[in-house]
Amino acid sequence: MSKRILVVEDEEDNRRIMRDLLTSVGYEIIEAVTGEDGVTAAETQLPDLILMDIQLPGLDGYEATRRIKANPTLRHIPIIVVTSYALSGDDVKAFEAGCDAYISKPFSPRVLLAKVREYLP
């Protein structure tokens, strides 16, 4: 069975890039456009890994990450923040919220894939 990755990203172009990249190497993709939908998808779909944007409509990626990590059933799921919101200190805020890794946009597909494989051997 292939590993399932939840992509929480509000920009269609970014979702498409990640979908194309990850499905091309055999991962199954679940998509969510808002932080709320991301938390719900994590609860119902139980993905193996989550790629989380920070700037989302409604519930931002920090809070979505906190909610996922606060759930004992979900806290083991690695969360990689993938964001263009890369101001000084934002990586610290992401780690404090509970993310496991941080990648800034625009990202290299090779770097993203290597990071995913690090958490999904």
Side-chain angles (χ1 to χ4, degrees):
M1 187 168 123
S2 66
K3 299 283 187 176
R4 296 183 328 144
I5 299 174
L6 170 59
V7 175
V8 186
E9 168 64 62
D10 61 328
E11 295 291 331
E12 172 59 35
D13 288 344
N14 292 332
R15 281 197 315 278
R16 181 182 41 76
I17 290 165
M18 287 190 259
R19 179 188 327 119
D20 291 351
L21 173 67
L22 297 167
T23 57
S24 74
V25 293
Y27 293 113
E28 180 184 334
I29 302 302
I30 305 157
E31 296 180 23
V33 177
T34 68
E36 291 90 346
D37 290 346
V39 173
T40 300
E43 293 167 344
T44 59
Q45 302 291 319
L46 299 175
D48 298 294
L49 178 104
I50 299 169
L51 297 176
M52 178 76 70
D53 188 19
I54 292 299
Q55 291 180 287
L56 295 165
L59 191 69
D60 70 18
Y62 297 126
E63 184 59 27
T65 296
R66 281 192 280 275
R67 290 185 187 184
I68 291 166
K69 291 295 187 172
N71 182 328
T73 307
L74 307 176
R75 76 168 41 117
H76 71 282
I77 301 170
I79 298 177
I80 301 173
V81 166
V82 183
T83 184
S84 57
Y85 201 65
L87 300 173
S88 176
D90 286 332
D91 55 343
V92 173
K93 285 173 66 176
F95 287 117
E96 286 173 349
C99 84
D100 298 278
Y102 185 93
I103 297 174
S104 335
K105 294 178 198 167
F107 57 84
S108 153
R110 190 177 318 119
V111 168
L112 179 66
L113 207 47
K115 189 58 75 176
V116 166
R117 286 179 170 146
E118 182 181 324
Y119 286 92
L120 293 179

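When hydrophobic side chains of Ile, Leu, Val, Met, Phe, Trp and Tyr are connected at separations under 4.5 Å, Leu51 ends up clustered with Ile5, Val7, Ile17, Met18, Leu21, Leu22, Val25, Tyr27, Ile29, Leu49, Ile80, Val82, Ile103, Phe107, Leu112, Leu113, Val116, Tyr119, Leu120.
Taking 4.5 Å as the limit, some side-chain heavy atom of Ile68 sits within range of a side-chain heavy atom of Met52. The shortest distance between side-chain heavy atoms of Asp48 and Glu28 does not fall below 4.5 Å.
Residues Leu74 and Val39 share a single hydrophobic cluster, defined by chaining ILVMFWY side chains whose heavy atoms lie under 4.5 Å apart.
The distance from the CG atom of Asp100 to the CD1 atom of Ile77 is 10.5 Å, given to the nearest 0.5 Å. Separating the CD atom in Glu43 from the CG atom in Asn71 is a distance of 6.0 Å, to the nearest 0.5 Å.
Between Ala42 and Leu6, the shortest heavy-atom distance links the atoms N-CD2, 3.8 Å. Heavy-atom minimum distance, Thr65 versus Cys99: CG2-N, 3.7 Å. Minimum interatomic distance between Ser2 and Gly26 (heavy atoms only, all atoms of both residues): CB-O, 3.0 Å. Scanning all heavy atoms of the two residues, the minimum distance from Ala101 to Lys115 falls at CB-CD, 3.8 Å. Taking both residues in full, the closest heavy atoms of Ala70 and Pro72 are given as O-CD, 3.4 Å, listed atom of the first, atom of the second, then distance. Between Val8 and Gly38 the shortest heavy-atom distance is CG2-CA, 3.8 Å.
Between Glu31 and Arg16, no side-chain nitrogen of the basic residue sits less than 4.0 Å from a carboxylate oxygen of the acidic one, so the salt-bridge criterion is not met. With salt bridges taken as basic N to acidic carboxylate O contacts below 4.0 Å, none links Lys93 and Glu96.
Looking only at distances, a side-chain donor or acceptor of Glu36 sits under 3.5 Å from a matching main-chain atom of Leu59. Judged by distance alone, the side chain of Lys105 and the main-chain N or O of Thr83 form no donor-acceptor pair under 3.5 Å.
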